[in-house]
Student: 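After the structure tokens below, expect a handful of questions from me.
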There are 2 protein chains.
Amino acid sequence: MARLADPELAERRRRQIMDAAIACFRRRGFHQATMAEICAEARVSAGALYRYFSSKADIIGAIAEDKRGDNDQAFLRAAEEQGFVPAMCLAARGFFEKFSEGDGSLIADIFSEAIRDDTLAAPLRKSDAQSVKIFTRAVEAAQQRGEIDARLDPEAVTDTLFAALEGIGLRRAFRRDIHTEAAVSQFRALAERFLEPRK
Amino acid sequence: MARLADPELAERRRRQIMDAAIACFRRRGFHQATMAEICAEARVSAGALYRYFSSKADIIGAIAEDKRGDNDQAFLRAAEEQGFVPAMCLAARGFFEKFSEGDGSLIADIFSEAIRDDTLAAPLRKSDAQSVKIFTRAVEAAQQRGEIDARLDPEAVTDTLFAALEGIGLRRAFRRDIHTEAAVSQFRALAERFLEPRK
DNA sequence: ACCTGAACACCGTTCAAGT
DNA sequence: ACCTGAACACCGTTCAAGT
């Protein structure tokens with residue numbers, strides 16, 4: 001990538017290309033969508049695109065990094081107002097809705113690219129770790145309020161809940177199951193029993 | 001695909017190609033591995049390969065179908081001898097070990113291909129449903145023995161445990177976390193609390 | 001500096017020709 | 001019937017030339 005002079009133009013172009021790419025990936029999936037399509041949708045030439053992104057994988061990486069953490073702050077507020085499990089279910093609903101709208105395979109694609117390509121995975125791990133940190137704080141607060149068993153390790157709880165969320169979402173996308181509320185109930189049943197304090 | 005005369009030769013060729021493909025996918029991932037590499041590894045020409053598989057996706061579909069359910073019978077026996085959770089953790093260990101050996105991204109690839117491509121997904125859904133059925137029977141037996149809360153829906157339990165297993169495996173592959181035993185413990189903690197009968 | 005678009009390299013798939 | 005491998009179609013990326 002060449003040196004960029006105007007950071008504001010660069011930011012605008014990156015958004016323009018990412019938005020076009022999101023539209024294309026939604027329609028056809030990461031591997032089916034072609035760079036030519038993305039260029040047409042973004043109304044830039046191939047050469048221009050490669051000025052702002054070093055590869056196709058780089059685009060999906062930027063999209064993933066951009067989207068993650070969007071709802072972290074909303075979750076924190078909800079956790080304090082309504083309690084941890086209801087807030088977590090709210091977050092789960094948002095997540096499952098995205099899957100049903102066709103982002104399901106996009107998330108699977110991101111996983112598979114990130115697992116294979118370390119230069120793509122590194123920044124994603126960083127923003128994932130940030131989300132984990134935020135949710136972990138909410139777990140600790142809920143433990144102090146007695147909502148979550150105090151013997152559970154807060155960070156392990158977060159990671160397990162994220163894994164369950166992603167696993168349920170993937171399996172539903174795989175089965176073409178579009179009943180979002182059923183998925184939320186499934187997740188809630190798991191979370192309640194997992195977190196519940198024991199005598 | 002042309003009509004095949006000798007079913008035994010056909011089966012041998014398919015195995016030969018699938019084994020070569022597994023080796024290539026392990027080394028370089030589904031999308032990085034080329035058909036030329038698979039042909040070289042299997043010592044057949046491109047034309048010969050396409051006599052037995054209709055596409056690259058078809059190969060990964062056959063591999064997934066072939067591998068799934070390998071351990072279902074072993075699990076059933078273990079569930080009766082040692083109880084449900086220990087047997088499930090044994091299955092989990094086997095699953096996580098595969099992830100650590102580099103099949104992690106392969107499973108992510110299978111998910112992402114299957115979510116996008118319905119002709120690939122259909123047979124996979126069928127064999128997945130069979131595994132679910134087998135594990136569901138074990139859940140019912142464990143409920144009658146009082147190991148699992150009788151109020152839980154057996155099939156939902158199975159699906160949730162599968163989702164957790166796959167989610168934990170994917171996240172660990174994503175984080176380059178190779179501590180299999182830690183993953184098993186994480187899964188066991190979740191499963192025990194999820195399934196435990198309540199007063 | 002920023003952009004264009006033709007050219008390049010590569011790869012999945014097909015098919016005419018061989019045994 | 002079964003196979004070969006060159007040819008084809010396509011796509012991610014680069015780069016010489018333009019403003």
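From a predicted model like this one, the values you see are computed outputs, not experimental measurements. Reminder, nothing fancy here: chain letters follow the sequence lines and each chain counts from 1.
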Student: Of all the nucleotides listed (C:dC2, D:dC2, D:dC11), which has the minimum atom distance to the side chain of A:Thr34?
Tutor: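 The closest nucleotide is D:dC11.
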Student: Do the side-chain N or O atoms of A:Tyr50 get closer than 4.0 angstrom to the phosphate oxygens (OP1, OP2) of D:dT14?
Tutor: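 For A:Tyr50, the contact criterion (side-chain N or O under 4.0 Å from OP1 or OP2 of D:dT14) is not met.
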Student: Pairs under 3.5 angstrom, nitrogen or oxygen only, protein versus nucleotides 4-6 of chain C, please.
Tutor:
residue: C:dT4; atom: OP2; partner: A:Ser45; partner atom: N; Å: 2.9
residue: C:dT4; atom: OP2; partner: A:Ser45; partner atom: OG; Å: 2.7
residue: C:dG5; atom: O6; partner: A:Gly47; partner atom: N; Å: 3.0

Student: How long is the line joining CD of B:Glu8 and C1' of D:dA1, in whole Å?
Tutor: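 Interatomic distance, CD of B:Glu8 to C1' of D:dA1: 16 Å.
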Student: Could you tell me whether the phosphate oxygens of D:dC3, OP1 or OP2, come under 4.0 Å of any side-chain nitrogen or oxygen in B:Arg13?
Tutor: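 Looking at the OP1 and OP2 atoms of D:dC3, one of them is under 4.0 Å from a side-chain N or O of B:Arg13.
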Student: Parallel, tilted or perpendicular: which describes the rings of A:Phe135 and A:Phe75, with under 30° parallel and over 60° perpendicular?
Tutor: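 Rings of A:Phe135 and A:Phe75: parallel, under 30°.
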Student: Dump the intermediate steps for side-chain hydrogen bond (donor to acceptor under 3.5 Å, both in side chains) on B:Thr160 and A:Gln186, then the final yes or no.
Tutor: CA-CA 7 Å; B:Thr160 301; A:Gln186 185 183 2; 2.9 Å; yes
Student: Looking at A:Glu37 and A:Arg27, is there a salt bridge between them, counting it only when a charged N and a carboxylate O are closer than 4.0 Å?
Tutor: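 Here A:Arg27 does not pair with A:Glu37 in a salt bridge, since their nearest N and O are not under 4.0 Å apart.
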Student: Checking B:Glu97 against B:Thr180: is there a side-chain donor and acceptor pair closer than 3.5 Å?
Tutor: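 Distance-only check fails for B:Thr180 and B:Glu97.
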Student: How many whole angstroms separate atom CG of B:Asp58 from atom P of C:dG12?
Tutor: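 In whole Å, C:dG12 P lies 15 Å from B:Asp58 CG.
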Student: Go through the steps to decide whether A:Asp128 and B:Arg171 satisfy the test side chain to side chain contact (heavy atoms under 4.5 Å, CB included), and finish with yes or no.
Tutor: CA-CA 10 Å; A:Asp128 181 66; B:Arg171 281 187 71 77; 2.9 Å; yes
Student: For the pair A:Asp118 and A:Arg125, find out whether any cationic side-chain nitrogen is under 4.0 Å from an anionic carboxylate oxygen.
Tutor: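 Yes, charged N to carboxylate O under 4.0 Å.
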Student: In whole angstrom, give the distance that lies between atom CZ of B:Arg51 and atom C1' of C:dA17.
Tutor: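 Result: 15 Å.
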Student: Atom NE2 of A:His31 and atom P of C:dC10: how far apart are they, to the nearest Å?
Tutor: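 Rounding to the nearest Å, NE2 of A:His31 and P of C:dC10 are 20 Å apart.
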Student: Rounded to whole angstrom units, what separation is found between the CD atom of B:Gln32 and the P atom of C:dC11?
Tutor: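 Checked: the CD to P distance equals 9 Å.
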Student: Determine which bases of DNA chain C form Watson-Crick or G-U wobble pairs with both distances under 3.5 Å, and write the result as a 5' to 3' dot-bracket string with | for other-strand partners.
Tutor: ||.|||||...|||||.||
Student: How about B:Phe194 and A:Phe194: are their ring centres within less than 6.0 Å of each other?
Tutor: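 Centroid separation for B:Phe194 and A:Phe194: 6.0 Å or greater.
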Student: Within this structure, what is the CD1-to-C1' distance between B:Ile59 and C:dC11, rounded to whole angstrom?
Tutor: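 After rounding, the reported distance stands at 14 Å.
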Student: Please report the distance, rounded to the nearest Å, between CE in A:Met35 and C1' in D:dC15.
Tutor: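 So the CE-C1' distance, A:Met35 to D:dC15, works out to 16 Å.
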Student: Looking at C:dC2, I'd like to know if its phosphate oxygens (OP1 or OP2) sit under 4.0 Å from a side-chain N or O belonging to A:Tyr52.
Tutor: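 Answer is no, no contact under 4.0 Å.
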Student: Quick check: does any side chain N or O of A:Arg188 sit under 3.5 Å from a backbone N or O of A:Val85, one acting as donor and the other as acceptor?
Tutor: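 No, A:Arg188 side chain to A:Val85 backbone: no donor-acceptor pair under 3.5 Å.
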Student: Between A:Gln16 (side chain only) and A:Ala42 (backbone N and O only), is there a donor and an acceptor less than 3.5 Å apart?
Tutor: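 Here the side-chain-to-backbone pair exists.
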Student: Could you tell me how far apart B:Lys56 (NZ) and C:dT14 (P) are, to the nearest whole angstrom?
Tutor: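 Checked: the NZ to P distance equals 15 Å.
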Student: Would you classify A:Ala10 as touching base, sugar-phosphate or nothing, given that sugar-phosphate means primed atoms plus P, OP1 and OP2, and contacts are heavy atoms under 4.0 Å?
Tutor: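 A:Ala10: no heavy atom of the nucleic acid under 4.0 Å.
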